[in-house]
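As structure tokens, the structure follows; a few thoughts come after it.
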Amino acid sequence: MDLVNLGANVVALEKNNHKYGMTCAWLTMVGADEIVMLIGSQSDTGHHIEINDIVGISSLANDQEDVALNFGDHHSSIYDKFINQKYYLDEGAILIEGAKGQMKCQVFDIQRVKGNNEDFLIFVKVLKSKIDDSKKFLLRENMVD
């Protein structure tokens with residue numbers, strides 16, 4: 001069962017009474033229940049994720065391009081990306097309704113990538129997941145720039 005795709009995935013959490021979310025294309029399964037994602041050093045969401053946090057990963061469906069663009073714009077600390085979005089909370093994980101895949105995950109490791117950017121490699125364990133087999137993944141090549 002494929003839970004994620006190199007397309008459009010929303011990584012989102014609620015922490016300290018604030019919602020953080022971003023679109024992430026660079027994530028992959030590295031085990032039966034483990035995912036690694038690369039999040040840029042400029043990411044507000046990335047700076048707020050810590051080990052043991054519960055995060056949501058929603059692999060968007062092919063009719064959710066507007067959701068991907070919304071979560072890819074601006075920083076969560078200055079713009080509420082969740083206005084007009086359909087989502088639900090599961091112990092801090094924010095999951096997007098209508099997504100092809102929804103995963104509640106727990107962060108177990110964070111590494112900084114050496115170099116100019118010092119991006120974040122974030123490792124999570126999938127605690128709970130569901131997939132909608134009737135939908136197709138939103139693929140990057142199908143998105144309009």
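Quick caveat: nothing in here was measured; it's all calculated off a predicted structure.
Judged as a ring pair (Phe, Tyr, Trp, His ring centres under 6.0 Å), not a single pair has a partner in residues 51-70 (not counting sequence neighbours). Among residue pairs with one or both ends in residues 43-64, those qualifying as salt bridge (Lys or Arg N to Asp or Glu O under 4.0 Å) are K15-E50, K15-D53; sequence neighbours excluded.
Using modelled atom types, one side-chain atom of Q102 and one backbone atom of I96 make a donor-acceptor pair closer than 3.5 Å. In this structure a side-chain-to-backbone donor-acceptor pair under 3.5 Å is present from Q64 to E97.
Taking Ile, Leu, Val, Met, Phe, Trp and Tyr as hydrophobic and joining them when side-chain heavy atoms fall under 4.5 Å apart, one finds I83 isolated, its cluster having no other members. Counting side-chain heavy-atom gaps under 4.5 Å among Ile, Leu, Val, Met, Phe, Trp and Tyr, the cluster of Y88 also holds L95.
The two atoms that bring E118 and K114 nearest to each other are OE2-CA, 4.4 Å, heavy atoms only. For S58 against A99, the heavy-atom pair with the smallest separation is CB-CB, 3.9 Å.
Looking at heavy atoms from C-beta onward, E14 lies in side-chain contact with L89 at the 4.5 angstrom threshold. Between V10 and V67 the shortest side-chain heavy-atom distance falls below 4.5 Å. Taking the side chain as every heavy atom from C-beta outward, L121 and V113 approach each other to under 4.5 Å. Taking the side chain as every heavy atom from C-beta outward, V107 and I122 approach each other to under 4.5 Å.
How far CD1 of I131 is from OG of S59: 6.5 Å, rounded to the nearest 0.5 Å. For the atom pair CG of D80 and CG of N70, the computed distance is 9.0 Å after rounding to the nearest 0.5 Å. For the atom pair L13 CG and T45 OG1, the distance stands at 7.0 Å (nearest 0.5 Å). In this structure, CG in N62 is found 8.0 Å from CG in L139, a value given to the nearest 0.5 Å.
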Would you list the atom pairs, donor with acceptor, under 3.5 Å between side chains in residues 23-30 and any protein atom, with sequence neighbours excluded?
from : atom 1 : to  : atom 2 : distance (Å)
T23  : OG1    : A68 : O      : 2.7
T23  : OG1    : G72 : N      : 3.3

For residues 32-40, dump all side-chain donor-acceptor pairs below 3.5 Å to protein atoms at least two apart in sequence or in another chain.
from : atom 1 : to   : atom 2 : distance (Å)
D33  : OD2    : K125 : NZ     : 2.3

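F82 is linked by a ring-ring contact (aromatic ring centres under 6.0 Å, His included) to F71, Y87, counting only residues two or more places apart in sequence or in another chain. Taking the salt bridge (charged side-chain N to carboxylate O under 4.0 Å, His left out) definition, one finds that K128 meets it with D90, sequence neighbours left out. Remark: E91 engages K104 in a side-chain contact (heavy atoms from CB on, under 4.5 Å) (not counting sequence neighbours). With sequence neighbours excluded, the residues forming a side-chain contact (heavy atoms from CB on, under 4.5 Å) with K135 are A61, K100, D132, listed by chain and number. Applying the side chain to side chain donor-acceptor pair (under 3.5 Å) test to Q111 and every residue at least two apart in sequence or in another chain returns D109.
Placement of F123 and M103 in two distinct hydrophobic clusters is found when ILVMFWY residues are connected by side-chain heavy-atom separations under 4.5 Å, directly or transitively. When the side chains of ILVMFWY residues are joined at heavy-atom separations under 4.5 Å, either directly or via intervening members, I94 and I54 end up in two distinct hydrophobic clusters. Following chains of ILVMFWY side-chain contacts shorter than 4.5 Å, one cannot reach L127 starting from V124, and the two form parts of different hydrophobic clusters.
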task = Walk me through it: do Y20 and H47 pass the test ring pair (Phe, Tyr, Trp, His ring centres under 6.0 Å)?
result = CA-CA 10 Å; Y20 298 94; H47 280 280; over 10 Å; no
query = Passes side chain to side chain contact (heavy atoms under 4.5 Å, CB included), S43 versus F120? Steps please.
reply = CA-CA 9 Å; S43 167; F120 302 95; 5.6 Å; no
